[in-house]
2 protein chains.
Amino acid sequence: MSEDDIFKALGDTTRRAIFEKLASGAMNASALREGMAISQPAMSQHLAVLRGASLVRERRQGRYVNYEVDPDGLARIAGWLARYRTYWPARIEALEALLKDMDQ
Amino acid sequence: MSEDDIFKALGDTTRRAIFEKLASGAMNASALREGMAISQPAMSQHLAVLRGASLVRERRQGRYVNYEVDPDGLARIAGWLARYRTYWPARIEALEALLKDMDQ
DNA sequence: ACAATAGATAAGCATGGACTTATGTGATTC
DNA sequence: GAATCACATAAGTCCATGCTTATCTATTGT
């Protein structure tokens with residue numbers, strides 16, 4: 001798991017779509033494929049890449065493999081982003097505040 | 001400028017290094033090359049990619065071109081990241097707090 | 001034990017991306 | 001105005017990557 005792995009993993013639209021789907025709830029590879037014109041091996045390969053970037057983690061459940069968001073990858077991005085905080089525009093601060101409100 | 005462009009741009013170690021250098025202060029392409037085993041055309045091409053991702057912007061100054069961090073790209077990443085706030089571990093919140101302290 | 005199902009892996013192919021050398025363009029200096 | 005300098009662009013090469021089809025492994029159900 002490196003910043004290279006993470007950004008490369010997210011540099012693919014399909015993978016970001018998969019990640020987004022997982023963010024709305026853990027599910028197995030077959031469930032992920034539903035409504036996504038993507039072959040079984042392709043999905044498997046994408047998940048492997050996301051796993052290698054610590055953006056996703058798996059949990060075996062019988063013959064199913066349940067996938068879920070791995071906070072580690074997200075944390076790493078946040079860490080990277082934080083280094084450039086000096087350049088964050090006011091708009092981001094506003095967004096942050098908004099999100100903080102929404103949480104409550 | 002799309003999320004694809006941004007993540008793809010950052011998926012390259014050399015480009016992240018260039019970006020990091022620029023984050024420590026605006027400079028022209030030649031200055032950027034100093035201490036970085038990279039050819040002039042390669043640098044120019046990397047800068048073009050970073051520009052295309054709104055991570056960097058240029059300002060012509062005579063025959064020099066001064067490059068600087070463009071907050072737009074960073075804002076876009078922050079926005080993307082914010083969508084998955086639910087999964088941010090406590091550690092990030094701590095980091096955020098720390099950075100907020102350091103600002104003062 | 002056997003068939004079916006969920007998923008991973010292998011191998012091949014086609015495209016994309018990072019580099020190279022060579023050349024072009026626009027500003028500066030003598 | 002000719003040489004020089006800062007940078008961009010063109011064209012070619014090589015490796016990475018995302019897909020495909022085919023096959024393998026592991027678990028479940030009958």
Side-chain angles (χ1 to χ4, degrees), chain A residues 1-22 25-70 73 77, chain B residues 1-22 25-70 73 77:
Chain A
M1 183 258 245
S2 69
E3 271 155 7
D4 239 88
D5 295 330
I6 295 176
F7 286 122
K8 266 180 187 141
L10 293 174
D12 183 272
T13 315
T14 308
R15 272 193 300 265
R16 282 201 312 284
I18 293 170
F19 182 84
E20 183 157 7
K21 213 164 177 182
L22 275 179
M27 63 188 97
N28 59 50
S30 301
L32 272 170
R33 282 187 61 206
E34 278 165 29
M36 293 197 69
I38 188 174
S39 72
Q40 182 269 312
M43 173 60 78
S44 186
Q45 288 158 14
H46 279 308
L47 287 170
V49 173
L50 288 168
R51 225 184 312 124
S54 296
L55 283 163
V56 144
R57 62 188 172 202
E58 62 175 45
R59 207 178 308 176
R60 268 246 155 224
Q61 268 168 4
R63 74 174 144 175
Y64 296 84
V65 178
N66 219 273
Y67 282 93
E68 61 184 6
V69 167
D70 184 345
I77 301 177
Chain B
M1 184 254 245
S2 70
E3 272 154 7
D4 239 86
D5 295 329
I6 295 177
F7 286 123
K8 265 178 189 145
L10 292 174
D12 182 272
T13 314
T14 306
R15 269 192 303 262
R16 282 200 313 284
I18 293 171
F19 182 84
E20 184 157 5
K21 215 165 177 182
L22 275 181
M27 64 187 97
N28 58 50
S30 301
L32 272 170
R33 282 186 62 204
E34 277 166 30
M36 292 196 71
I38 188 174
S39 73
Q40 181 269 313
M43 173 61 78
S44 185
Q45 286 159 16
H46 280 309
L47 286 170
V49 173
L50 287 168
R51 223 183 315 126
S54 296
L55 282 164
V56 144
R57 61 186 171 203
E58 64 175 44
R59 206 177 310 172
R60 267 248 156 220
Q61 269 167 4
R63 72 175 147 179
Y64 295 84
V65 178
N66 219 272
Y67 282 93
E68 61 184 7
V69 168
D70 184 344
I77 301 177

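Proteins get letters first, then strands, A, B, ... in listed order; numbering begins at 1 in each.
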Check the distance between C:dA27's C1' and B:Glu58's CD and give it to me in whole angstrom.
15 Å

Without swapping roles, check the side chain of A:Asp5 against the backbone of A:Ser2 for a donor-acceptor pair under 3.5 Å.
yes

If you find the nucleotide of DNA chain C closest to A:Gln45 and the one closest to A:Arg63, which residue's nucleotide is nearer the 5' end?
A:Arg63

Base, sugar-phosphate, or nothing: which does B:Arg33 touch, judged by heavy atoms less than 4.0 Å apart?
nothing

Please determine whether any donor N or O and acceptor N or O are separated by less than 3.5 Å between the side chain of B:Gln40 and the base of D:dA8.
yes

Side chain of B:His46, heavy atoms from C-beta onward: which of C:dA8, D:dT20, C:dA18 has the nearest atom to it?
C:dA18

Against the side chain of B:Thr14, the closest entry in C:dA6, D:dA8, C:dC19 is C:dC19

Tell me which of B:Ala48 and A:Ile38 sits closer to the 5' end of DNA chain D, going by the nucleotide each one is nearest to.
B:Ala48

Is A:Arg16 salt-bridged to B:Asp4, cutoff N-O under 4.0 Å?
yes

Name the closest nucleotide to the B:Asn28 side chain, picking from D:dC19, D:dC7, C:dG7.
D:dC7

Between C:dG7, D:dT20, D:dC7, which one does the side chain of A:Ser39 approach most closely?
D:dT20

Could you tell me whether the side chain of B:Arg60 and the main chain of B:Gly62 form a donor-acceptor pair under 3.5 Å?
yes

Can you check the A:Tyr64 OH to C:dG7 P distance for me, whole Å?
7 Å

Given DNA chain D, 5'-ward residue of the pair A:Val49 and B:Leu47, judged by closest heavy atom:
B:Leu47

